[in-house]
Structures are given as C-alpha cells and as structure tokens.
Amino acid sequence: MYRTHTCGELRLENQGNEVTLAGWVQRKRELGGMTFVDLRDRYGITQLVFDENSSDAITSQLKKLGREFVIQATGLVRERSSKNKNIATGEIEIDVKELKVLSPSVVPPFTIEDESDGGDDIRMKYRYLDLRRTPVRENLILRAQMAHAVRSYLNEQDFIETETPVLIKSTPEGARDFVVPSRMNEGEFYALPQSPQQFKQLLMVAGFDRYYQIVKCFRDEDLRADRQPEFTQIDCEMAFVEQEDVLSTFEGLTKYLFKAVKNVEITDFPRMPYSEAIANYGSDKPDTRFEMLIKDISEVVKGKDFKVFDDAEFIGAISAEGCANYTRKQLDALTNWVKRPQVGAKGLVYVKCNEDGSYKSSVDKFYSQEDLQQWASICNAKAGDLILVLSGDKSAMLYALGALRLEMGKQLGLMDKNTFKPLWVVDFPLLEWDEESQRHYAMHHPFTSPKAEDIHLLDSEPGNVRANAYDLVINGVEIGGGSVRIFDSELQAKMFSLLGFTKEEAEAQFGFLMNAFKYGAPPHAGIAFGFDRLVSLFAGLDSIRDVIAFPKNNAGRDVMIDSPSPIAIEQLDELSLKLNVKPQDN
RNA sequence: GGUGGCGUAGUUCAGUUGGUUAGAAUGCCGGCCUGUCACGCCGGAGGUCGCGAGUUCGAGUCUCGUCGUCACCGCCA
C-alpha cells in the first residue's frame, strides 16, 4: 500500500489521523524556515508542511524536490492556521514525518496547470503530461461517464453489445479504407472498418434483434478539428422496426444522456426535411440555436435593370439583427469574407434598415425605398437590422448564405455553448450525382431503402428519390445518422445496378450480405452516433482531439509516438510488399 | 490537391521604415525569508530568430522555396 488516502479526500474531521499520501509535486513554496508542498493526484491537491523540526533526512530530500516528482509522504492531518477556501482540502494540511521520493522528474517542458503555458504542439508531443492537467483529465472522465450512460440506457432497452471484427474486407463505396496486408495470404489485404455496417445487418439476419457497440471506426480521409482517422461510434441496429421506432429510441438515448450527464432537460426535438434544411439554413446540419433564416428574394429583385441580379439563378438574403450600424469597414470585411474561395460568393449586397424606417443599400441606384421595404418584409427585417444578399448559382449561394449565417451568428454571440438544440434531419436524397465519374453514389450507403412512395421514380428520376435516412443534428454538429435498410434482395440488386455495379461486381463485393438476405432477413434499421463529437459537444469544445486520450494531428500523425513510420525491409518482404514511393521533386 | 494563419529563450509572446549588443513575462538555477497557497525580495544562466536560397552595404524584418503546425475548401457511403 503506497497510500492510505487520496489527495482529494482529507477534511477537518480527519484531524489527528496519521495518513500516507502519494502523488506528484505540483509546487513547492519555501519560506525559509518552513516549506509547503502541494501534492497532486487525480482526486485533488493536499498541502504538505515541513518546518525546522523536520529531520535532516527529510530536509535534504525536500531540498531536491522539483515539479512533477512522485513522492510518498506520511504524517498527521492537522488544521491549517490560514485556510484556503479555493480547494476542497483547504482546511487541513499534513505535518510530514516521513518523505520518500518514489520517482524524480526532469523539468517538464510546460506547466502542469489548468491554464498551461504550453501551446498545442508541445502538449501533444508530451500528451502524457498534458493528461495530468485537470481540464484534459475531466474531458476524458466525461467521456467515460457518457460511455457508461450509453451502455446502461441501451442495456436497459435490451440491446446486445456485440463485438465485430476489425480486420475486414475493403469495399469500393464510401471513404478510403485503411488497409492491412496479410502475411499468410500473399498480395491480399484486409481493410479496417469504416463502420461495422454489414456486420450489424448480419446480426439482424442472425436474429439478435437489437445490437449496439461502442466501436472504433477508420477512414483514410483528410482531417479536420472534428475528424480523426480513427474515431468512435455508438453503433446500433434494430430489427422489426420502422424509421419512427429508431428515431424515438435514440431521441430517448439523447435525452437520457443530457439528463444523466449534464442535467439538461431536452423537451423540443423537431424533425426537419432535408429540403427544408437546405432552403432555410443552407446546410444539412442546421444550427437551430438562432433563426436568421435564408430567404429567397429572386422573384422581387429581378427586372429592375440590376444586371447582376437579373442574370443570377438565385438571389438569397439573411437578416442580421441589430447590425444596421455596421461601418463601411465591417461591411468590407464581410464582403471579403464571402469572397474567399471557401465561401465562393462573387460579392455582397447589403441593405441597412435604418432606425428612422428608411433603407440604405449598396444598390440604391436600382431599387426604390419601396423595393427595399419589400425585401425587408420577406426577410423579417425590422428597423436596426442589416440584410445581406448573395446571388449566383442556387446551390452554391445557399451554401454560402449558410456559411455567412453561421459567421454572423458567431459574431453576434448567438451560438451559446450551454444551449442545446437537437433535431432530426429526415428525407435525405437516396442518391447524389457525381460529375467527375458521371454516376450516382449512395448518399448514405448502398443498403439504404428508398421511401416507398418514391420507388416508382427509381428509373425515371433517380436523383429525386428520397431515402428513409435520418441524421441527428445538435447545434449545427452532425452527431449521428442512419437509415432503414433494404431487406429485399431484389430491391438491393436494383440499388446496386443504379450505382453502376454489374451483377458480378455486386456479388464479389457484397455477396455475403445478399446471400444472407436469402435466408429470411427481418426488416431492420439502424443508426450510429459519432461518440467523439457527442462528448466534445457536451464538454463545450470545438475539437474532438480534446476528448481523445491520444489523438492524431491534421496530417494523421501521432507526434508523441511519431507514427506512421517506415518499416524494415524484412517486414516488407514477409508481407510480399514493394514500395513505390515517388521521389520529391527538387 | 487547394486557400489562409502561425513558426524568435525551456514555454507563451513582443520586436517600429531593413540599421548598434534581439527584449518581456513565465519557467529554470543560486541567495534571503516561519503561514504560504500564482508566496515575496535579490541575483544569474538561457537564442542556429524552423531550414535553404535570393535581394541588399546590411535581413528576425523583404522575395522565393521547403519543413512543421493549425483552421478551412475539396474529400469524409
């Protein structure tokens, strides 16, 4: 036994007890004749006291102590003469009788404090030190609590937690696969799962009825603050259910998590068709914490000799509340912002709705006060508001207006991290057209069932077929998504042909699933939540890296262990691999 | 693949129009200090200005390239 108590639990009622604590030296304060040491572990901080009465042995040990030394101290708990109300153990201290250095520390490269002086780079390189810091540790504790809550909810609902293989088979659809060469099968590769999709459907065929798993998934695509090459899903599938059953079950899970983990009651849980999300928010993951909806003003702005609008496919606007007083400089900044290639607008037209009821716009030459009043009325803009107008190709401008809306929401402080607005986005298109390869791709995945009422459109206008697919969106973050699956092998074959697979290709890639469906497949549907995103949302963070113990950087590198890395030629030989790395030009 | 930001002491940053010996805070080391808790006071050490080329009498500063890192677009069924 290295300790009798943790550094977070001793109180005044322990006064007089002899205790042994072990932990890290947070800080040493020498005041000449006496010295204080803050001893830290994951539970808290306890103050150790040494004075002139301490033995020479202790004094010489004490002299050597530096930050992050691991020590063990034994002594009596006593009341402090001057108390610290800021920490839980602030009324007591340990009068140390024995001191042992268990493990010394070199000087750490940054301070191990709530507000560290270290930047991201160095904290990632020394992640094991960063994890000692309370805010980082608390994020991971939150993650553990949430995983626990997910399991208790789903177990309670009779879901069976089942593991599925990590070494599986590469499929052409979807994201790029991470692949693993097989030593025993020369020239052949496993793939790491992008999700356990086909296995969970097979578990439904197997009669498991309700499956879940908190599981790692892998996608070899470029990364973002909210995307890691390996990430964790709460993966679920249910048999003998319709879309509504899945939505209500996982609405239940979401509400349960908010209540159990954050003590937040979620009452409103709207559904929004995909088409409405795109039209009003310019996004399939609308942030509904604030309004500022996109309005189509194409009809009323055309025919006034303003060529830019007359030639545009679509003219859309949003109204930013209380921004009529924006200066020329602010408007120029916004204009530059929307003209960035990432947003892609050609320019920005504004209308200031002045407090006196008049309107001042950048296109006054073409539009009368009455015209502008009409715009304002469509945009629900009142005196003091600023209308921002973009024009151009419809889908591009909806996207740009959506981005501008979020930017304005951010500038106006409308995105409160403690407000949570979940919704289901439903009725996604089944397919999306890819210009480059001139074919349709499954928007969700190839096993997603079309809506029954749209099946007749599959041949005539496949692009307009809606799917029984749904996403859970909270505060503009895509938390999860799923679909009702096809369980009819004929319809599945039809889907494969729409996606441009020959019978043989479909057989080679997905034969095992299609075979399974021949043996009595129950109607089934499923969903997966991005667990990292959900935790970061709960923690009020923008990057999922902060809720992952050992994350990777933008380029998919782990800067702590320095991976990925080359392997020995012998390893390559054993795997029957030859490298073909292109030389750098220069 | 593309766009942009950043890279200066262990760390976080400042560094003017290109001009003498590159600064601050913090951390670190030494000294003093018996109630501190971001202890205080005094002193000290610490720099390949990411790397490479170029412009210039002269580059931390300007140009180009490159590497690293972050954010975004493409991509992510």
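Proteins get letters first, then strands, A, B, ... in listed order; numbering begins at 1 in each. Keep in mind that this is a model prediction, so the values were computed, not measured.
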[N] [atom2] sits how many Å from [X] [atom1], rounded?
{"X": "R133(A)", "N": "U11(B)", "atom1": "CZ", "atom2": "C1'", "value": "13 Å"}
{"X": "Y126(A)", "N": "U12(B)", "atom1": "OH", "atom2": "P", "value": "12 Å"}
{"X": "D114(A)", "N": "U12(B)", "atom1": "CG", "atom2": "C1'", "value": "17 Å"}

Verify the distance criterion only: is there a donor paired with an acceptor across the side chains of [X] and [Y] at less than 3.5 Å?
{"X": "T6(A)", "Y": "D41(A)", "result": "no"}
{"X": "Q233(A)", "Y": "S195(A)", "result": "no"}
{"X": "Q201(A)", "Y": "H524(A)", "result": "yes"}

Paired to G18(B) by Watson-Crick or G-U wobble criteria (both distances under 3.5 Å) is none

Protein-proximity profile, nucleotides 35-46 of chain B, B/S/- by nucleotide at the 4.0 Å heavy-atom cutoff, equals BBBSB-------

Contact string for nucleotides 69-76 of chain B, one letter per nucleotide 5' to 3', B = base within protein heavy-atom range under 4.0 Å, S = sugar-phosphate only, - = neither, reads SBBBBBBB

Using a cutoff of under 3.5 Å, can you pull out all pairs of nitrogen or oxygen atoms linking the protein to nucleotides 24-27 of chain B, with atom names and distances?
| unit_1 | atom_1 | unit_2 | atom_2 | d |
| --- | --- | --- | --- | --- |
| G27(B) | O3' | R67(A) | NH1 | 3.0 |
| G27(B) | O2' | R67(A) | NH1 | 3.2 |

Across all chains, not counting sequence neighbours, the side chain to side chain contact (heavy atoms under 4.5 Å, CB included) partners of K552(A) are Q228(A), P229(A), E230(A), D558(A)

Taken in chain and number order and not counting sequence neighbours, the residues that satisfy side chain to side chain contact (heavy atoms under 4.5 Å, CB included) with P564(A) are R557(A)

By nearest-heavy-atom nucleotide on RNA chain B, the more 5' of G33(A) and I122(A) is I122(A)

Are any of the side-chain nitrogens in [X] or [Y] under 4.0 Å away from the carboxylate oxygens of its partner?
{"X": "R123(A)", "Y": "D130(A)", "value": "yes"}
{"X": "D427(A)", "Y": "K451(A)", "value": "yes"}
{"X": "R40(A)", "Y": "E68(A)", "value": "yes"}
{"X": "D222(A)", "Y": "R227(A)", "value": "no"}

- For U66(B) versus U21(B), give the span between their C1' atoms, rounded off to a whole number of Å. 32 Å

In short, side-chain hydrogen bond (donor to acceptor under 3.5 Å, both in side chains) pairs touching residues 48-64 of chain A with sequence neighbours left out are none

- Message: Evaluate D542(A) against K417(A) for salt bridge (Lys or Arg N to Asp or Glu O under 4.0 Å), listing each step before the verdict.
- Response: CA-CA 10 Å; D542(A) 294 321; K417(A) 286 199 189 307; 3.1 Å; yes

Next on the checklist: Would you say K63(A) places a side-chain N or O within less than 4.0 Å of OP1 or OP2 belonging to G31(B)?
Outcome noted: yes

